[in-house]
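What follows is one structure encoded as structure tokens, with my remarks underneath.
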Amino acid sequence: MFETVEKTERMIRWRRLSTVAGVAALGLSLAACGGNSGGGSAAAPPTPSTVRVRTSPATTPSQPSVRTDVRLFNCAATKDGWSAGGTVTSSLSHAATYVITVFFTSSVAENLDYGSTTVPLKAGQFKLWSVSAIFAAPSTVRCVLTSVTTS
């Protein structure tokens with residue numbers, strides 16, 4: 001009987017471990033697909049020693065009910081760094097302020113910098129939003145929509 005219990009416990013641990021690994025792999029693949037870098041690149045790709053990695057803030061997890069209200073369409077180099085932008089359409093029945101955070105990451109998902117913005121909306125209203133950050137960008141930067149909340 002104890003052998004059966006041990007086998008069951010091992011199976012449960014294995015399922016939990018494989019679930020966590022699957023979620024982590026999904027998160028990494030979504031981060032890699034977070035946006036397109038159609039805007040080009042910064043002047044000359046810096047060497048790894050010139051890329052400044054900024055510690056990103058702890059972000060509040062997205063609220064699923066409003067996460068789908070935000071779309072990220074633009075991810076492009078600027079003169080001094082990178083920018084991201086898109087649209088937000090309120091699905092709420094009341095006025096709210098959307099808080100949108102984007103991480104700018106390297107091709108290996110290393111956080112380079114971040115940008116946040118707030119967008120006040122009335123029920124059903126639509127607006128454009130954008131964020132930018134100033135940093136020495138490597139040749140490939142991805143924009144990852146990391147958090148959408150309302151207040």
Residues I100, V131; criterion side chain to side chain contact (heavy atoms under 4.5 Å, CB included); working and verdict | CA-CA 9 Å; I100 301 166; V131 297; 5.6 Å; no
Would you confirm whether K127, through its side chain, and S90, through its main-chain N or O, come within 3.5 Å as a donor-acceptor pair?
-> no
S91 and T68: CA distance, side-chain angles, deciding distance, side chain to side chain contact (heavy atoms under 4.5 Å, CB included) verdict = CA-CA 9 Å; S91 64; T68 56; 5.8 Å; no
So, for S106 and R142, which heavy atoms are closest and what is the spacing to 0.1 Å?
-> O-NH1, 4.0 Å
Count the heavy atoms of every other residue, nucleotide or ligand shown that sit under 6.0 Å from NZ of K122, and state whether that count exceeds 12.
-> no
Separation of T78 OG1 from I134 CD1 (nearest 0.5 Å) | 7.5 Å
Which of these passes side chain to side chain donor-acceptor pair (under 3.5 Å) with Y98: T118, D69, T150?
-> D69
Distance (rounded to the nearest 0.5 Å) between L112 CG and F104 CZ = 9.5 Å
From Y114 atom OH to S132 atom OG, the distance as rounded to the nearest 0.5 Å = 12.5 Å
Are V99 and V70 co-members of a hydrophobic cluster defined by side-chain heavy atoms under 4.5 Å apart?
-> no
Is the side chain of W129 donor-acceptor paired with the backbone N or O of T87 at a distance under 3.5 Å, no angle test?
-> yes
Which residue, T146, N111, V141, forms the side-chain contact (heavy atoms from CB on, under 4.5 Å) with T105?
-> N111
What heavy-atom pair brings G124 and T89 nearest, and what distance separates the two atoms?
-> O-CG2, 4.3 Å
